[in-house]
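None of the values given here were measured: they were computed from a predicted structure. Atoms within a ligand are numbered from 1 in the order they appear, just like the ligands themselves.
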Amino acid sequence: MDAVEIKPDVYWVGAIDWAIRDFHGYITPRGSTYNNYLVLDENITLLDAVKHDFVDVSISRIKSLTDPRRIKNIVINHIEPDHASGLDEIMKLTSQATIYCTEKGKKGLERFFDTSEWNIKVVKTGDELNIGKRTLLFIETPMLHWPDSMMTYIKEDKILVSQDGFGQHLASSQRFDDEFIRCASMFELEDAVWDYYANILMPFGSLIKQKIAEIGKLGLQIDIIAPDHGVVWRENPEKVIQMYLDMANGKAEERAVIIYDTMWHSTEKMAQAIMEGVRAEGVDCKVLKLRATSTSVAVKEFWRARGCLVGSPTLNNGIFPYVGEFLIYLKGLRPKNRIVSAFGSYGWGGGAVKEILESFKNMKLETVEPGLGVNYKASKEDEKRCYEFGRQFAERLKEYHKRF
Ligand code: FEO
């Protein structure tokens, strides 16, 4: 694939990673892309590098447009290796270029690379760089996704290069949102946004709201959002901004998800009966077995739904390990505004249900207690209890959902 023009003289020169399925532990069934952008102005400017494994691909796209030695400026919006680890190879070709990044970006680059020969200039929010016919405006976005992060606004083209923000782990031969929607669907694109937000940005909802408000106050008109992962938003930039605001405000669908694992199918049998109870209240419900579902997908489904029921058998007086892994990952993402409960089978002492509820209380989620335990295997009577437990949970979910 050639370089792709985004606006006259502004090109995508990134790489598509069709094969990646494990992105530092985040399972990415759709693959990903590492986007970077080249602006052909009087002072040729590259925005972001790419992952080192893919830098040759990016360099060949750059070479199809210009001699890389002519690059005068390199903006590093984010130093995480998926965006910056190819920088040393690019600097070998264009050692005279000046690098622009935040203060924390500079410190990070100094840890990742030998920067002694590099000219690095620190920028902060509001700083501008004239590159000829265009001016770049820098906006720091600390913690979206790392402390070093920033975005770059190309004023004359009204393009916001948003690094991780508004991205999707989505490998596709389409570079733009409208093209992707025509070839696949808006639902799939939205699902990729939910997935990315849930796994990467869920803890930073308040910062996202602040940053979007700050960009609003700067009065920037945004025609195009060009993230460093996934498709470029040229038809629906407002839609993805609204999606982010909604997610940051705790938006969820009025439905439930049951996330469980099982040893001898007893907890699994409970999950089925609970699901039927939930659905009896007119609330849609997905059922996910953790050993058949990656934690990343489970977290995304957790985040899309207003309510979640987690099921675990008791093992060694506590939570089954697959369920424990899910809860540890979820805790780090600091979820909010969800109603939850727990269920599971036990042989003698029990303990998993109580531990799951404790974990949810520590996350400050709305818990429905005391959950539900079943000894060894659910009898017909127990199945009725499970159904009723699911039905009552759905009732509570519908009430809770009205708050948002
Ligand atoms: Fe896509 Fe925070 O790196």
Side-chain angles (χ1 to χ4, degrees), residues 12-37 46-55 57-58 74-90 99-113 138-152 160-172 175 189 192-205 207-208 211 225-233 240 243-244 247-248 294 296 299-300 303 329 332-334:
W12 173 87
V13 288
I16 304 168
D17 189 347
W18 294 96
I20 190 164
R21 292 294 179 269
D22 184 336
F23 191 99
H24 61 44
Y26 167 6
I27 301 304
T28 50
R30 300 178 175 102
S32 193
T33 72
Y34 313 109
N35 300 335
N36 60 342
Y37 303 93
L46 181 68
L47 293 119
D48 292 319
V50 294
K51 192 175 180 179
H52 193 272
D53 304 4
F54 291 83
V55 71
V57 176
S58 179
I74 300 178
V75 175
I76 294 294
N77 285 301
H78 183 21
I79 60 163
E80 192 167 4
D82 53 324
H83 306 294
S85 58
L87 179 59
D88 54 347
E89 297 301 325
I90 295 169
I99 295 169
Y100 294 83
C101 61
T102 62
E103 178 73 44
K104 289 204 164 79
K106 179 171 185 282
K107 286 187 176 144
L109 290 178
E110 286 164 356
R111 300 297 301 172
F112 281 119
F113 302 104
F138 302 111
I139 305 158
E140 292 167 279
T141 56
M143 295 319 296
L144 306 175
H145 162 227
W146 277 8
D148 62 281
S149 296
M150 68 173 187
M151 298 185 184
T152 300
L160 181 67
V161 178
S162 59
Q163 46 96 16
D164 280 336
F166 310 110
Q168 329 95 51
H169 281 314
L170 181 62
S172 154
R175 296 276 56 77
L189 184 53
V193 173
W194 276 98
D195 187 83
Y196 191 88
Y197 188 102
N199 282 279
I200 302 282
L201 297 173
M202 195 197 294
F204 309 118
L207 286 170
I208 286 167
K211 205 41 74 175
I225 295 178
D228 279 5
H229 295 293
V231 296
V232 171
W233 300 90
V240 74
M243 277 187 80
Y244 265 51
M247 288 189 282
S294 72
S296 322
V299 155
K300 185 255 295 179
W303 188 238
Y329 186 53
L333 293 168
R334 304 203 292 273

Between Asp164 atom OD1 and Asp82 atom OD2, the angle centred on atom 1 (Fe) of ligand 1 rounds (to 10°) to 170°
Report whether any nitrogen, oxygen or sulfur of His229 sits less than 2.8 Å from atom 1 (Fe) of ligand 1 (N, O or S, backbone or side chain). yes
Would His83 count as a contact for atom 1 (Fe) of ligand 1, in the sense that one of its N, O or S atoms lies under 2.8 Å from it? yes
Could you tell me if Asp164 and His78 have a donor-acceptor pair between their side chains, going purely by distance under 3.5 Å? yes
For Asp53 and Tyr34, test the side chains for any donor-to-acceptor distance below 3.5 angstrom and give the result as yes or no. no
Identity of the N, O or S atom of His145 lying closest to atom 2 (Fe) of ligand 1: ND1
Can you tell me, to 10 degrees, how wide the angle at atom 2 (Fe) of ligand 1 is between OE1 on Glu80 and NE2 on His78? 100°
Could you check whether the rings of Phe138 and Tyr100 sit parallel, tilted or perpendicular, using 30° and 60° as the cut-offs? parallel
Between Asp48 and the options Asn36, Asn77, Thr152, the side-chain hydrogen bond (donor to acceptor under 3.5 Å, both in side chains) test singles out Asn77
Under the ring pair (Phe, Tyr, Trp, His ring centres under 6.0 Å) test against Tyr197, which residue among Phe204, Tyr244, Phe166 passes? Tyr244
